[in-house]
Enquirer: 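This is the structure, below, for whatever I ask next.
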Amino acid sequence: GQSLEQPSEVTAVEGAIVQINCTYQTSGFYGLSWYQQHDGGAPTFLSYNALDGLEETGRFSSFLSRSDSYGYLLLQELQMKDSASYFCAVMNSNSGYALNFGKGTSLLVTP
Amino acid sequence: NAGVTQTPKFRVLKTGQSMTLLCAQDMNHEYMYWYRQDPGMGLRLIHYSVGEGTTAKGEVPDGYNVSRLKKQNFLLGLESAAPSQTSVYFCASSYYGQVYDEQYFGPGTRLTVT
(Lines give C-alpha, C1' and ligand atoms only; values in the text may rest on other atoms or scores of the structure.)
Protein backbone atom coordinates (compact mmCIF):
# COMPACT_ATOMS: atom_id res chain seq x y z
CA GLY A 1 0.00 0.00 0.00
CA GLN A 2 0.86 3.62 0.13
CA SER A 3 1.14 6.00 3.04
CA LEU A 4 2.34 9.55 3.54
CA GLU A 5 3.12 11.19 6.86
CA GLN A 6 3.26 14.93 7.45
CA PRO A 7 2.97 17.02 10.60
CA SER A 8 -0.60 18.18 11.15
CA GLU A 9 0.25 21.75 12.15
CA VAL A 10 3.18 24.14 11.96
CA THR A 11 3.37 27.72 13.21
CA ALA A 12 5.99 30.24 12.12
CA VAL A 13 6.62 33.96 12.25
CA GLU A 14 6.33 36.28 9.29
CA GLY A 15 9.68 36.64 7.55
CA ALA A 16 11.02 33.36 8.90
CA ILE A 17 11.78 30.07 7.16
CA VAL A 18 9.71 26.94 7.70
CA GLN A 19 10.19 23.35 6.60
CA ILE A 20 7.30 20.92 6.15
CA ASN A 21 8.40 17.29 6.10
CA CYS A 22 6.84 14.36 4.30
CA THR A 23 7.78 10.71 4.58
CA TYR A 24 6.22 8.20 2.27
CA GLN A 25 5.84 4.51 1.63
CA THR A 26 4.88 3.49 -1.84
CA SER A 27 5.56 0.88 -4.46
CA GLY A 28 6.66 2.13 -7.83
CA PHE A 29 7.77 5.61 -6.86
CA TYR A 30 7.32 8.19 -9.61
CA GLY A 31 8.00 11.38 -7.72
CA LEU A 32 6.70 13.65 -4.99
CA SER A 33 4.42 16.62 -5.54
CA TRP A 34 3.35 19.45 -3.28
CA TYR A 35 0.04 21.30 -3.30
CA GLN A 36 -1.16 24.36 -1.41
CA GLN A 37 -4.73 24.89 -0.29
CA HIS A 38 -6.10 28.03 1.33
CA ASP A 39 -9.15 27.71 3.54
CA GLY A 40 -12.23 27.07 1.43
CA GLY A 41 -10.21 27.01 -1.78
CA ALA A 42 -9.03 24.54 -4.35
CA PRO A 43 -5.63 22.86 -4.07
CA THR A 44 -3.01 24.38 -6.35
CA PHE A 45 0.21 22.83 -7.57
CA LEU A 46 3.46 24.07 -6.06
CA SER A 47 6.26 21.75 -7.09
CA TYR A 48 7.40 18.31 -8.09
CA ASN A 49 10.55 16.25 -7.43
CA ALA A 50 11.46 13.10 -9.29
CA LEU A 51 15.16 13.01 -8.50
CA ASP A 52 17.14 13.59 -5.33
CA GLY A 53 17.96 17.15 -4.52
CA LEU A 54 16.46 20.58 -4.22
CA GLU A 55 14.10 22.26 -6.64
CA GLU A 56 13.66 26.00 -6.19
CA THR A 57 10.73 28.10 -7.32
CA GLY A 58 10.92 31.61 -5.95
CA ARG A 59 10.40 31.59 -2.17
CA PHE A 60 9.44 27.92 -2.22
CA SER A 61 11.83 24.98 -2.53
CA SER A 62 11.19 21.28 -2.42
CA PHE A 63 13.66 18.55 -1.55
CA LEU A 64 13.65 14.83 -2.14
CA SER A 65 15.73 11.94 -0.85
CA ARG A 66 14.60 8.76 -2.56
CA SER A 67 16.86 6.56 -0.44
CA ASP A 68 15.21 7.89 2.73
CA SER A 69 11.69 8.05 1.24
CA TYR A 70 11.59 11.59 2.49
CA GLY A 71 10.94 15.02 1.17
CA TYR A 72 10.27 18.48 2.44
CA LEU A 73 8.85 21.79 1.35
CA LEU A 74 10.82 24.86 2.38
CA LEU A 75 9.12 28.22 2.53
CA GLN A 76 11.33 31.27 2.90
CA GLU A 77 10.56 34.87 3.76
CA LEU A 78 7.19 33.81 5.08
CA GLN A 79 4.26 36.06 4.38
CA MET A 80 0.84 36.10 6.01
CA LYS A 81 -0.69 34.87 2.78
CA ASP A 82 1.34 31.65 3.11
CA SER A 83 -1.03 30.56 5.89
CA ALA A 84 -2.63 27.54 4.25
CA SER A 85 -2.59 23.76 4.20
CA TYR A 86 0.21 22.01 2.35
CA PHE A 87 -0.13 18.50 0.99
CA CYS A 88 2.52 16.15 -0.27
CA ALA A 89 1.40 13.59 -2.82
CA VAL A 90 2.74 10.58 -4.64
CA MET A 91 1.51 8.91 -7.77
CA ASN A 92 -0.88 6.05 -7.18
CA SER A 93 0.00 3.67 -9.98
CA ASN A 94 -3.01 1.50 -9.11
CA SER A 95 -5.48 4.30 -9.80
CA GLY A 96 -4.85 5.67 -13.24
CA TYR A 97 -1.93 7.66 -11.97
CA ALA A 98 -4.16 9.73 -9.72
CA LEU A 99 -2.46 11.30 -6.75
CA ASN A 100 -2.40 9.84 -3.27
CA PHE A 101 -2.34 12.79 -0.87
CA GLY A 102 -1.04 13.10 2.64
CA LYS A 103 -3.41 14.45 5.26
CA GLY A 104 -1.90 17.88 4.99
CA THR A 105 0.02 20.31 7.19
CA SER A 106 -1.77 23.42 8.35
CA LEU A 107 0.70 26.32 8.38
CA LEU A 108 -0.11 29.38 10.46
CA VAL A 109 2.04 32.44 9.88
CA THR A 110 1.91 34.90 12.74
CA PRO A 111 2.98 38.57 12.78
CA ASN B 1 -10.08 29.73 -20.20
CA ALA B 2 -12.38 28.90 -17.31
CA GLY B 3 -10.18 25.98 -16.25
CA VAL B 4 -12.11 23.47 -14.15
CA THR B 5 -15.62 24.38 -13.09
CA GLN B 6 -17.98 22.53 -10.78
CA THR B 7 -21.73 22.72 -10.43
CA PRO B 8 -23.31 23.25 -7.93
CA LYS B 9 -21.13 25.01 -5.37
CA PHE B 10 -23.33 24.09 -2.41
CA ARG B 11 -26.07 21.53 -1.87
CA VAL B 12 -28.07 20.14 1.01
CA LEU B 13 -29.67 16.73 0.56
CA LYS B 14 -31.88 14.58 2.72
CA THR B 15 -30.86 10.99 3.34
CA GLY B 16 -31.90 8.82 0.43
CA GLN B 17 -32.08 11.60 -2.15
CA SER B 18 -29.99 11.48 -5.29
CA MET B 19 -27.99 14.11 -7.10
CA THR B 20 -25.37 14.61 -9.79
CA LEU B 21 -22.32 16.81 -9.53
CA LEU B 22 -20.99 18.19 -12.78
CA CYS B 23 -17.36 18.89 -13.55
CA ALA B 24 -16.28 20.60 -16.75
CA GLN B 25 -12.82 21.47 -18.06
CA ASP B 26 -11.84 23.45 -21.13
CA MET B 27 -8.15 22.51 -21.25
CA ASN B 28 -8.55 19.41 -23.43
CA HIS B 29 -7.26 17.23 -20.62
CA GLU B 30 -7.47 13.46 -20.94
CA TYR B 31 -7.46 12.61 -17.24
CA MET B 32 -10.16 13.61 -14.81
CA TYR B 33 -10.65 12.77 -11.16
CA TRP B 34 -13.16 13.10 -8.36
CA TYR B 35 -11.84 13.52 -4.80
CA ARG B 36 -13.57 14.05 -1.53
CA GLN B 37 -12.06 16.02 1.32
CA ASP B 38 -13.02 15.53 4.93
CA PRO B 39 -11.49 17.31 7.93
CA GLY B 40 -8.17 15.74 8.87
CA MET B 41 -8.38 13.21 6.04
CA GLY B 42 -6.76 15.00 3.16
CA LEU B 43 -8.05 14.30 -0.33
CA ARG B 44 -9.25 10.82 -1.20
CA LEU B 45 -9.87 9.58 -4.72
CA ILE B 46 -13.41 8.44 -5.48
CA HIS B 47 -13.34 7.68 -9.21
CA TYR B 48 -11.22 8.68 -12.14
CA SER B 49 -11.18 8.63 -15.92
CA VAL B 50 -8.27 8.25 -18.30
CA GLY B 51 -10.22 9.40 -21.33
CA GLU B 52 -13.63 9.88 -22.88
CA GLY B 53 -15.86 6.89 -22.29
CA THR B 54 -13.67 5.40 -19.54
CA THR B 55 -14.12 5.35 -15.77
CA ALA B 56 -12.51 3.44 -12.94
CA LYS B 57 -12.77 3.13 -9.17
CA GLY B 58 -10.49 4.95 -6.80
CA GLU B 59 -9.90 4.55 -3.10
CA VAL B 60 -13.44 5.26 -1.83
CA PRO B 61 -15.94 4.46 -4.65
CA ASP B 62 -18.82 2.97 -2.67
CA GLY B 63 -22.06 4.91 -2.97
CA TYR B 64 -20.93 6.86 -6.05
CA ASN B 65 -21.14 6.41 -9.79
CA VAL B 66 -19.51 8.38 -12.58
CA SER B 67 -19.77 8.93 -16.28
CA ARG B 68 -17.53 10.55 -18.89
CA LEU B 69 -19.60 10.72 -22.05
CA LYS B 70 -17.76 13.79 -23.31
CA LYS B 71 -14.07 14.50 -22.89
CA GLN B 72 -14.68 17.82 -21.18
CA ASN B 73 -17.25 16.60 -18.65
CA PHE B 74 -17.04 14.22 -15.71
CA LEU B 75 -20.19 13.57 -13.70
CA LEU B 76 -20.37 12.21 -10.17
CA GLY B 77 -23.64 10.69 -9.04
CA LEU B 78 -24.97 9.84 -5.62
CA GLU B 79 -27.85 7.42 -5.99
CA SER B 80 -29.02 7.38 -2.38
CA ALA B 81 -27.26 9.96 -0.25
CA ALA B 82 -26.10 9.11 3.26
CA PRO B 83 -24.85 11.42 6.04
CA SER B 84 -21.39 9.82 5.64
CA GLN B 85 -21.23 11.46 2.22
CA THR B 86 -21.27 14.93 3.75
CA SER B 87 -18.01 16.31 2.42
CA VAL B 88 -16.35 18.74 0.05
CA TYR B 89 -16.01 17.27 -3.42
CA PHE B 90 -13.24 18.36 -5.74
CA CYS B 91 -12.89 17.58 -9.39
CA ALA B 92 -9.47 17.73 -11.02
CA SER B 93 -7.99 17.22 -14.45
CA SER B 94 -4.58 16.74 -15.96
CA TYR B 95 -3.19 16.23 -19.43
CA TYR B 96 -0.68 13.44 -19.08
CA GLY B 97 -1.83 11.82 -15.86
CA GLN B 98 1.71 11.72 -14.49
CA VAL B 99 2.89 12.85 -11.09
CA TYR B 100 4.94 15.63 -12.66
CA ASP B 101 1.84 16.77 -14.45
CA GLU B 102 0.00 19.45 -12.55
CA GLN B 103 -3.52 18.57 -11.57
CA TYR B 104 -5.94 21.45 -11.92
CA PHE B 105 -8.68 21.51 -9.34
CA GLY B 106 -12.15 22.97 -9.49
CA PRO B 107 -13.49 25.20 -6.70
CA GLY B 108 -15.30 22.35 -4.96
CA THR B 109 -18.87 21.40 -4.11
CA ARG B 110 -19.87 21.52 -0.48
CA LEU B 111 -22.45 18.80 0.14
CA THR B 112 -24.37 18.28 3.36
CA VAL B 113 -26.58 15.23 3.81
CA THR B 114 -29.05 15.45 6.68
Side-chain angles (χ1 to χ4, degrees), chain A residues 1-9 20 22-24 26-51 53 55 57 60 62 64 66 71 84-106, chain B residues 2-6 9-10 23 25 27 29-61 66 68 74 87-110:
Chain A
Q2 294 186 324
S3 67
L4 298 103
E5 295 292 330
Q6 340 177 203
S8 57
E9 295 179 348
I20 298 173
C22 173
T23 57
Y24 60 86
T26 181
S27 56
F29 181 74
Y30 298 90
L32 186 70
S33 296
W34 289 92
Y35 282 75
Q36 178 191 58
Q37 184 182 32
H38 286 99
D39 268 351
T44 56
F45 177 82
L46 287 177
S47 69
Y48 162 76
N49 294 71
L51 303 175
E55 295 282 343
T57 308
F60 293 4
S62 56
L64 177 66
R66 294 170 65 116
S85 291
Y86 294 84
F87 296 88
C88 58
V90 295
M91 183 65 69
N92 184 342
S93 60
N94 295 323
S95 295
Y97 301 98
L99 292 173
N100 187 24
F101 287 86
K103 294 183 178 180
T105 298
S106 177
Chain B
V4 180
T5 58
Q6 293 184 231
K9 289 186 169 54
F10 301 93
C23 175
Q25 52 94 5
M27 296 173 282
H29 285 171
E30 292 292 337
Y31 295 76
M32 296 188 75
Y33 314 90
W34 276 106
Y35 295 92
R36 62 178 286 175
Q37 186 173 35
D38 303 298
M41 295 295 292
L43 291 138
R44 292 183 293 170
L45 182 68
I46 306 171
H47 285 280
Y48 64 97
S49 169
V50 301
E52 181 179 313
T54 75
T55 63
K57 294 179 180 179
E59 179 186 357
V60 287
V66 288
R68 182 118 180 253
F74 196 28
S87 188
V88 181
Y89 292 86
F90 287 100
C91 175
S93 71
S94 67
Y95 193 79
Y96 296 107
Q98 301 298 317
V99 69
Y100 56 75
D101 188 24
E102 176 179 355
Q103 288 197 7
Y104 293 82
F105 284 80
T109 294
R110 283 145 185 83

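Hydrogens, waters and symmetry mates play no part in the numbers below; they use all other heavy atoms, side chains included.
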Enquirer: Please round to the nearest 0.5 Å and tell me the distance separating atom OH of B:Tyr104 and atom CZ of A:Phe45.
Expert: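 Taking OH in B:Tyr104 and CZ in A:Phe45, the distance rounds to 9.0 Å.
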
Enquirer: Hey, could you give me the CG/CD distance between A:Leu46 and B:Glu102, rounded to the nearest 0.5 Å?
Expert: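 These two atoms lie 9.5 Å from each other.
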
Enquirer: I'd like to know which of A:Gly40, A:Gly104, A:Ser106 tops the heavy-atom pair count under 4.5 Å against chain B.
Expert: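 Ranked by contacts with chain B, first place is A:Gly40.
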
Enquirer: Please look at A:Gln6 and chain B and tell me whether the side chain, the backbone, both or neither of the residue comes under 4.5 angstrom of a heavy atom of that chain.
Expert: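 A:Gln6 has no heavy atom closer than 4.5 Å to chain B.
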
Enquirer: Do you know which two heavy atoms are closest between A:Ala42 and B:Pro107, and how far apart they sit?
Expert: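 Shortest heavy-atom separation between A:Ala42 and B:Pro107 comes out as CB-CA, 4.3 Å.
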
Enquirer: Counting only non-hydrogen atoms closer than 4.5 Å, does B:Arg44 touch chain A with its backbone (N, CA, C, O), its side chain (CB onward), both, or neither?
Expert: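 Interface part for B:Arg44: neither.
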
Enquirer: Looking at side-chain heavy atoms only, is the closest gap between A:Phe101 and B:Gln37 below 4.5 Å?
Expert: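 Side-chain contact under 4.5 Å: no.
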
Enquirer: Looking only at non-hydrogen atoms, find the nearest pair between B:Phe90 and A:Gln37 and report the distance.
Expert: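 Shortest heavy-atom contact: CZ-NE2, 3.5 Å.
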
Enquirer: Please examine the side chains of A:Leu99 and B:Tyr35, heavy atoms only from C-beta on, and report whether any two atoms are closer than 4.5 Å.
Expert: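 Side-chain contact under 4.5 Å: yes.
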
